[in-house]
Amino acid sequence: MVLTRRRTLAFLTVLPAQVLVTTAMAQSRDVWTAIEAFDALLQDRIRLLDIRTSEEWRETGVAKGAWPVSLHDERFPERLFAARDLAEARAVALICATGGRSGAVLSNLRKSGYESFIDVSDGMLGSRQGPGWIKAGLPTVTAQEAISTLPSALDL
């Protein structure tokens, strides 16, 4: 059953409390490594959302080319769908620290009938799925730089 957009938005607002997703569950969806996401980003095939907290962005930086849109922001659902609209025909990849939050968001989006989202399963810091963006040596920018390049539809 496909939920209405309003019900989906309401459902997504409770995600921070529901971020416990096992790796096995994540494997049943569209799951990519950080390296695969970086390659697709370079080829302009995806848009990448870093859904971690602003504190995490400041600590590690943000993946170069990613839009920082925190899962913990009260406007997260509307910003998520705005990013999907801005992505046009591209998929929207979600990255967090180790794949738990991005996997939970993807799971809930799939249950609600939404396609064209991807989970970057090893995240910024790595997981059993891979080394993660940082250990793979992929480029990062400061949180301030990432925020300053956000499209106006995604502004904090």
Side-chain angles (χ1 to χ4, degrees), residues 1-22 25-34 36-58 60-124 127 129 133 138 140-141 143-156:
M1 176 175 104
V2 176
L3 297 176
T4 65
R5 184 173 173 132
R6 170 180 259 152
R7 288 186 61 203
T8 300
L9 292 175
F11 185 64
L12 288 173
T13 60
V14 298
L15 283 175
Q18 299 176 345
V19 295
L20 301 176
V21 170
T22 67
M25 289 173 62
Q27 288 303 315
S28 67
R29 295 180 296 280
D30 290 328
V31 177
W32 292 11
T33 65
E36 291 168 326
F38 178 66
D39 288 341
L41 192 61
L42 287 177
Q43 296 171 24
D44 198 31
R45 293 188 298 120
I46 64 167
R47 293 295 180 249
L48 181 62
L49 291 185
D50 186 331
I51 65 171
R52 299 175 300 149
T53 66
S54 58
E55 292 81 18
E56 289 172 295
W57 301 333
R58 284 192 298 274
T60 65
V62 175
K64 185 174 184 176
W67 293 333
V69 176
S70 178
L71 172 63
H72 301 284
D73 181 278
E74 65 184 23
R75 293 181 42 230
F76 177 74
E78 71 185 75
R79 293 174 78 205
L80 175 67
F81 288 108
R84 183 189 64 174
D85 293 343
L86 289 169
E88 298 171 339
R90 299 168 197 89
V92 175
L94 308 171
I95 192 168
C96 62
T98 61
R101 288 170 283 187
S102 59
V105 172
L106 184 65
S107 176
N108 284 294
L109 287 165
R110 290 287 184 261
K111 288 176 187 173
S112 299
Y114 291 99
E115 300 295 325
S116 73
F117 289 94
I118 297 164
D119 172 23
V120 180
S121 63
D122 52 341
M124 290 296 288
S127 71
Q129 303 307 312
W133 193 278
L138 301 175
T140 60
V141 297
Q144 193 62 22
E145 184 177 343
I147 291 167
S148 73
T149 63
L150 273 174
S152 60
L154 301 178
D155 277 343
L156 301 172

Is there a side-chain contact between Ile95 and Leu48, using heavy atoms and a 4.5 Å cut-off?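 Yes; the side chains approach each other to less than 4.5 Å.
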Less than 4.5 Å apart, any side-chain heavy atom of Gln144 and any of Trp57?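 No, every pair of side-chain atoms sits at 4.5 Å or beyond.
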_Please identify which of these residues, Cys96, Ser102, Pro68, meets the side-chain contact (heavy atoms from CB on, under 4.5 Å) condition with Arg52._
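Filter result, single survivor: Cys96.
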Checking side-chain contact (heavy atoms from CB on, under 4.5 Å) between Leu80 and each of Val69, Leu154, Leu71, Leu109, which is the one that passes?
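The single option meeting the side-chain contact (heavy atoms from CB on, under 4.5 Å) with Leu80 is Leu109.
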Can you measure from [atom1] ([X]) to [atom2] ([Y]) and round to the nearest 0.5 angstrom?
X      : Y      : atom1 : atom2 : result
Gln129 : Asp119 : CD    : CG    : 9.0 Å
Leu106 : Ile118 : CG    : CD1   : 9.0 Å
Ser112 : Phe117 : OG    : CZ    : 10.5 Å
Thr149 : Lys64  : OG1   : NZ    : 10.5 Å

Open item on the list: The criterion is side chain to side chain donor-acceptor pair (under 3.5 Å); which residues satisfy it with Gln43, sequence neighbours excluded?
Closed with: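 Arg45.
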Judged by atom type as modelled, is there a donor-acceptor pair below 3.5 Å linking the side chain of [X] to the main-chain atoms of [Y]?
X      : Y      : result
Arg79  : Ala83  : no
Ser116 : Arg90  : no
Ser148 : Glu145 : yes

- Message: According to salt bridge (Lys or Arg N to Asp or Glu O under 4.0 Å), who are the partners of Glu56, at least two apart in sequence or on a separate chain?
- Response: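 Here the qualifying residues are Arg101.
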* Asked: salt bridge (Lys or Arg N to Asp or Glu O under 4.0 Å) with Arg47: which residues, sequence neighbours excluded?
  ->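 Arg47 satisfies salt bridge (Lys or Arg N to Asp or Glu O under 4.0 Å) with Asp44 once adjacent residues are dropped.
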Taking all non-hydrogen atoms of both residues into account, name the closest pair between Ile46 and Ala37 and its distance.
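Result for this residue pair: CD1-O, 3.3 Å.
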Practice task
Scan side-chain atoms only and decide if Trp67 and Asp50 contain a donor-acceptor pair under the 3.5 Å cut-off.
Solution key: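 Per modelled atom types, Trp67 and Asp50 side chains form no pair under 3.5 Å.
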**Asked** Would you call Asp73 and Arg75 a salt bridge, taking side-chain N to carboxylate O under 4.0 Å as the test?
**Response**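 No salt bridge links Asp73 with Arg75.
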Partners of Glu55 by side chain to side chain contact (heavy atoms under 4.5 Å, CB included), sequence neighbours excluded?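 Glu55 satisfies side chain to side chain contact (heavy atoms under 4.5 Å, CB included) with Thr53, Arg58 once adjacent residues are dropped.
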Exercise. Who passes side chain to side chain contact (heavy atoms under 4.5 Å, CB included) against Leu138, sequence neighbours left out?
Worked result: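 For Leu138, the residues satisfying side chain to side chain contact (heavy atoms under 4.5 Å, CB included) (neighbours in sequence not counted) are Ala34, Ile35, Phe38, Trp133, Ala136.
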